[in-house]
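First the structure, in the form of structure tokens, and then the observations on it.
Just so it is clear, the model here is predicted, and its values are computed rather than measured. Below, chains carry the letters A, B, ... as their sequence lines are ordered, and counting in each starts from 1.
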Protein chains: 2
Amino acid sequence: MDDDSKGGEQPRRRVRADAQRSIDTLLAAAAEVFAASGVDAPVREITAKAGVGAGTLYRHFPQRSDLIAAVFRHEVDACAEAAPALSAQYEPVEALTRWLHRFAQFVAAKRGLKAALHSGDPAYSSLPTYFRKRFVPVLSELLDAATTSGDIRSDVVPYDLLRAMGDIVAPDDHGYTQRMITLLVDGLRYGTRRTQPA
Amino acid sequence: MDDDSKGGEQPRRRVRADAQRSIDTLLAAAAEVFAASGVDAPVREITAKAGVGAGTLYRHFPQRSDLIAAVFRHEVDACAEAAPALSAQYEPVEALTRWLHRFAQFVAAKRGLKAALHSGDPAYSSLPTYFRKRFVPVLSELLDAATTSGDIRSDVVPYDLLRAMGDIVAPDDHGYTQRMITLLVDGLRYGTRRTQPA
DNA sequence: CAACAATACGGAGCATTGTTCCGGTTGGCA
DNA sequence: TGCCAACCGGAACAATGCTCCGTATTGTTG
């Protein structure tokens, strides 16, 4: 849209080193606090944990929603980027399973953000799309690999699996989540030529 | 569970007339404010509209969530109780259609509460159950009547229809909502012996 | 009908939290 | 090295949830 923004994602002026430090620290602190106390946690709690002043926070994230959205994107990215490494290191189904566990961890951490995302606030309207755009390809890749190798069936819609995960994850009961993931993956295996449980 | 609660729903002591007035006024005011500004609307806005003091509100609804839950239940009840009258007055499909419109109105009003309901706050955990327990029988009755008279098909799960409604309703676009309800009902009609659109 | 005890009422006041503002400091560049 | 824009911390302000208590209303009893 802007005719001078052809180049890239970097803002016009380079961010100063100390500013970047503050941003990183804040993002990390906010992620922790949000996960622990939800998005309504006091701002002071975040600034305290980050060891910065309130002014610093508001300089970089003028609206509270800016911080929330940034944390969300940051965690989505981190989770999505974990996939390739798993694919490279493990065989398809194992990689898929491990990534699902990683994703469960993401969902659990995102619990505090959940309320905000569904609030209808236009500031967050782009996040579900981001979530989908980012995760569907990743999961598709993992599923495809496992399908190609003949380990799982091929009629599963990636987004359905993501939603199912969202419903399954119980932040307070790690064991339950683990068991359900196992169950899901076993379900995926059903009907392949290698149907062979213990 | 409690051995002394066999009797009924009335609290042990009768509420005074002025107290009941305050409660009703507050409920009405809160419903309006929540619908307009969401559940995070300032408490003062509600007390102002109701013409009562803050103390009065907190006397009857010690926690903010108590007020929210009360409003929710109140509106659920109102909507559910509208069904019998419609059934008595109109033929099955017409009654069903009219009630769906009524339900759409409820969902639109509940928009402000939506965020709270999905927040995971234990104070609201019982509300979805209440929603379901109250609405599923009502809708089942309406559907059964229309099925018996042969106007609609019989393979529709009431709760699915409720969910679909929740997704369809666009508080800002009344026309759209209306059209979608029509479409849904037409869909229900499909495959009956009276398949006969205009 | 009158007086009284229980209950409810209003709204000022306190505590908490979001947000702004500004004097001092730091980082990057000439 | 020296300069200036950018950044930092945190005090101060504003908005809001919630409590407290003196006053008013209700329902009952004699």
Tell me, which pairs form a salt bridge (Lys or Arg N to Asp or Glu O under 4.0 Å) where one or both residues lie in residues 29-56 of chain A, sequence neighbours left out?
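As it turns out, the salt bridge (Lys or Arg N to Asp or Glu O under 4.0 Å) pairs with a partner in residues 29-56 of chain A, which skip direct neighbours, are A:Glu32-A:Lys49.
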Once base and sugar-phosphate atoms are separated, protein heavy atoms under 4.0 Å mark nucleotides 11-24 of chain D, 5' to 3', with B, S and - as -----BBBBB----
Salt bridge check, A:Arg163 against A:Asp160: does any charged N sit closer than 4.0 Å to a carboxylate O?
no
Which part of the nucleic acid, if any, lies within contact of A:Thr47, taking any heavy atom under 4.0 Å across all strands shown: a base, the sugar-phosphate backbone alone, or nothing?
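Contact class for A:Thr47: none.
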Where at least one partner belongs to residues 93-104 of chain B, residue pairs that pass side chain to side chain donor-acceptor pair (under 3.5 Å), sequence neighbours excluded:
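Qualifying pairs: B:Tyr90-B:Arg98, B:Glu94-B:Arg98, B:His101-B:Gln178.
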To the closest 0.5 Å, what do you measure between CG (A:Asp24) and NE2 (A:His74)?
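Spacing of CG (A:Asp24) from NE2 (A:His74) equals 6.5 Å.
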Where do B:Asp77 and B:Tyr130 land on the side chain to side chain donor-acceptor pair (under 3.5 Å) test, with the steps shown first?
CA-CA 10 Å; B:Asp77 288 343; B:Tyr130 189 76; 2.6 Å; yes
Should the ring pair B:Phe103 and B:Phe135 be called parallel, tilted or perpendicular, given that the plane angle runs from 0 to 90° and is split at 30 and 60?
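Taking B:Phe135 first and then B:Phe103, their aromatic rings stand perpendicular (interplane angle over 60°).
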To the nearest Å, give me how far apart [atom1] ([X]) and [atom2] ([N]) are.
X: A:Gln20; N: C:dG28; atom1: CD; atom2: P; value: 11 Å
X: B:Arg21; N: C:dT7; atom1: CZ; atom2: P; value: 18 Å
X: A:Asp18; N: C:dG27; atom1: CG; atom2: C1'; value: 6 Å
X: B:Ile46; N: C:dG11; atom1: CD1; atom2: P; value: 17 Å

At under 4.0 Å, does any side-chain N or O of B:His60 touch on OP1 or OP2 of C:dC9?
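So the side chain of B:His60 is within the cut-off, an N or O lying under 4.0 Å from OP1 or OP2 of C:dC9.
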